[in-house]
Number of protein chains: 2
Amino acid sequence: MLSISPKSQNMRRTKEEAEQTRNAILEAAVDVFTEKGVARATLEQIAKAANVTRGAVYWHFKNKTDIFVALHDELHRPFIQDLVDGLENTGDDPLQSLKSYCIELVTRLEDDLYLRRVLSLFLLKCDYTGSLQVCQERTIDARREKSEVLSKFFEKAQSKGTLSADLDPKTLTLALNCFMRGIAMEYLENADTMSIREEAPKLFSVFFRKWN
Amino acid sequence: MLSISPKSQNMRRTKEEAEQTRNAILEAAVDVFTEKGVARATLEQIAKAANVTRGAVYWHFKNKTDIFVALHDELHRPFIQDLVDGLENTGDDPLQSLKSYCIELVTRLEDDLYLRRVLSLFLLKCDYTGSLQVCQERTIDARREKSEVLSKFFEKAQSKGTLSADLDPKTLTLALNCFMRGIAMEYLENADTMSIREEAPKLFSVFFRKWN
DNA sequence: TTTAAAATACATTCATGTATGTATGTTGTC
DNA sequence: GACAACATACATACATGAATGTATTTTAAA
């Protein structure tokens with residue numbers, strides 16, 4: 001939580017300071033959203049958590065949806081893009097490096113509390129009916145791109161002979177997507193009782209078992 | 001949508017008729033919840049969809065949460081219990097029958113529109129922060145039981161020699177849970193463009209590949 | 001001086017919960 | 001079996017609070 005520089009109240013900020021309160025509002029929004037859920041979160045609560053008034057919030061954002069969209073664009077979409085990038089560099093054994101990457105990815109959920117909170121927000125603490133629907137639609141491209149990269153990945157592995165030719169890349173892609181998503185949700189729901197660092201290697205060993 | 005018998009308004013109903021309007025309210029709630037999302041759904045909308053007034057709703061239920069809990073108890077918890085029961089009968093080849101059961105289960109999502117709507121409601125159209133949290137907690141037992149049955153299932157398969165002994169039943173259970181959940185969510189989100197009847201056999205063939 | 005970055009004040013909407021009305025079903029009593 | 005007494009199953013009306021959006025004001029930066 002960014003704390004605003006302690007000027008006397010109602011003092012006009014410089015450009016950088018303004019940008020700073022904007023960020024403070026966004027960070028506060030993550031907190032309030034994850035605690036109360038997006039729907040029950042109120043702008044007053046967000047403002048208070050950011051040490052400002054609703055006036056500041058309305059100065060920077062149109063409404064609650066606008067805040068959520070901003071967060072989604074800043075955090076969730078880049079996250080999916082990260083997945084894409086992380087798959088670009090192919091090692092000698094594509095399948096093995098893919099497996100390692102998957103493990104590292106979900107393990108990051110255990111290490112990076114902020115990532116966990118953010119992802120939990122977008123996967124668990126909101127529903128995308130109504131005004132939040134646009135967020136899904138906007139990430140469709142990123143998701144599709146991710147799937148295509150994955151498919152190419154499997155095809156490459158097949159051409160290298162490290163992946164059995166009778167496995168359909170499209171199906172493998174869908175399967176891995178579902179599996180990852182399920183793991184993420186399961187962990188985010190039970191982060192207190194579950195150790196992903198222990199489970200992830202075992203889980204993906206089962207999943208990638210004898211694919212070659 | 002159950003239609004109430006066309007009596008003139010404000011006429012007292014018999015016990016059975018009252019039970020009927022209670023059901024009408026619940027069915028209407030499913031509709032409104034899935035369309036608007038649980039949070040944005042209003043009791044007025046539910047009442048209107050059930051052809052009653054809010055008075056009737058408040059007669060049968062304490063508030064919106066009460067309605068949701070009733071639905072959850074009537075529909076989601078039994079569904080998990082169904083999973084448990086469906087796994088009890090072990091065929092000659094446990095692993096093969098498990099695979100068939102999984103396929104049949106997700107295929108049911110495509111055939112049974114109502115099931116799809118209901119499951120979509122509980123997996124997609126609500127978040128369990130706040131007052132809805134009790135629902136999760138109440139299903140914990142059912143989920144744990146389901147996992148235990150699955151584990152026993154794998155152990156049995158191992159003792160019969162149809163499942164490799166080096167696979168950990170606990171891990172397989174968790175993996176399958178995650179996989180199923182991911183598939184369900186992926187399909188529910190894209191029910192219009194995705195054919196589960198085609199994908200499910202391929203997906204589970206990948207998942208259960210060479211486990212023996 | 002003008003304008004950006006807020007705070008403050010105000011109006012409005014909207015959903016909720018509750019209180020009340022009311023017509024009818026139900027039940028015990030004779 | 002009739003009838004009073006009561007309970008039930010709602011509809012209607014109302015009070016309230018809470019969140020929202022906007023209009024206005026304040027302060028200092030540019």
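Reckoned from all heavy atoms, side chains included, excluding hydrogens, waters and symmetry mates. Chain letters run A, B, ... following the sequence lines, proteins first, then strands; residues in each count from 1. In this text, all values refer to a predicted model and were calculated from it rather than measured experimentally.
Atom P of nucleotide C:dC14 and atom NZ of B:K36 are separated by 12 Å, given to the nearest angstrom. Distance A:N51 CG to C:dA7 C1': 14 Å, rounded to the nearest Å. For the pair A:K48 NZ and C:dT8 C1', the interatomic distance rounds to 14 Å; values are reported in whole Å. Distance B:F61 CZ to D:dC10 P: 11 Å, rounded to the nearest Å.
For B:F79 and B:F122, the distance between ring centers is not under 6.0 angstrom.
Checking the phosphate oxygens (OP1, OP2) of C:dA5, no side-chain nitrogen or oxygen of A:T21 falls inside 4.0 Å. Residue B:W59 has a polar side-chain atom (N or O) positioned under 4.0 Å from OP1 or OP2 of D:dA9. OP1 or OP2 of D:dC10 sits under 4.0 Å from a side-chain N or O of B:H60.
By the side-chain hydrogen bond (donor to acceptor under 3.5 Å, both in side chains) test, B:R117 is found to be paired with B:D31, B:T34, residues two or more places apart in sequence or in another chain being considered. For A:K99, the side-chain hydrogen bond (donor to acceptor under 3.5 Å, both in side chains) partners two or more places apart in sequence, or in a different chain, are A:S205. For A:T173, the side-chain hydrogen bond (donor to acceptor under 3.5 Å, both in side chains) partners are A:S151, not counting sequence neighbours. Under the side-chain hydrogen bond (donor to acceptor under 3.5 Å, both in side chains) criterion, B:R138 pairs with B:D73, sequence neighbours left out. Remark: A:F154 engages no residue in a ring-ring contact (aromatic ring centres under 6.0 Å, His included) (not counting sequence neighbours).
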Pairs under 3.5 angstrom, nitrogen or oxygen only, protein versus nucleotides 15-19 of chain C, please.
from	atom 1	to	atom 2	distance (Å)
C:dT16	OP2	B:T42	OG1	2.8
C:dT16	OP2	B:L43	N	3.1
C:dG17	OP2	B:Y58	OH	2.5
C:dG17	N7	B:R54	NH2	2.4
C:dG17	O6	B:R54	NH2	2.9

Can you give me every donor-acceptor pair (side chain of residues 56-66 of chain B, partner residue at least two apart or in another chain, under 3.5 Å) with its distance?
from	atom 1	to	atom 2	distance (Å)
B:H60	NE2	B:T21	OG1	3.2
B:N63	OD1	B:T65	N	3.3
B:N63	OD1	B:D66	N	2.9
B:K64	NZ	B:V38	O	3.0
B:K64	NZ	B:A39	O	3.0
B:K64	NZ	B:A41	O	2.8
B:T65	OG1	B:S131	OG	3.1
B:D66	OD2	B:K62	N	2.9

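Here salt bridge (Lys or Arg N to Asp or Glu O under 4.0 Å) pairs that include residues 173-189 of chain A, with residues two or more places apart or in two chains, are A:R181-B:E186, A:R181-B:E189, A:E186-B:R181, A:E189-B:R181.
Non-hydrogen atoms lying under 4.0 Å from DNA chain C are contributed by nothing in residues 124-131 of chain A.
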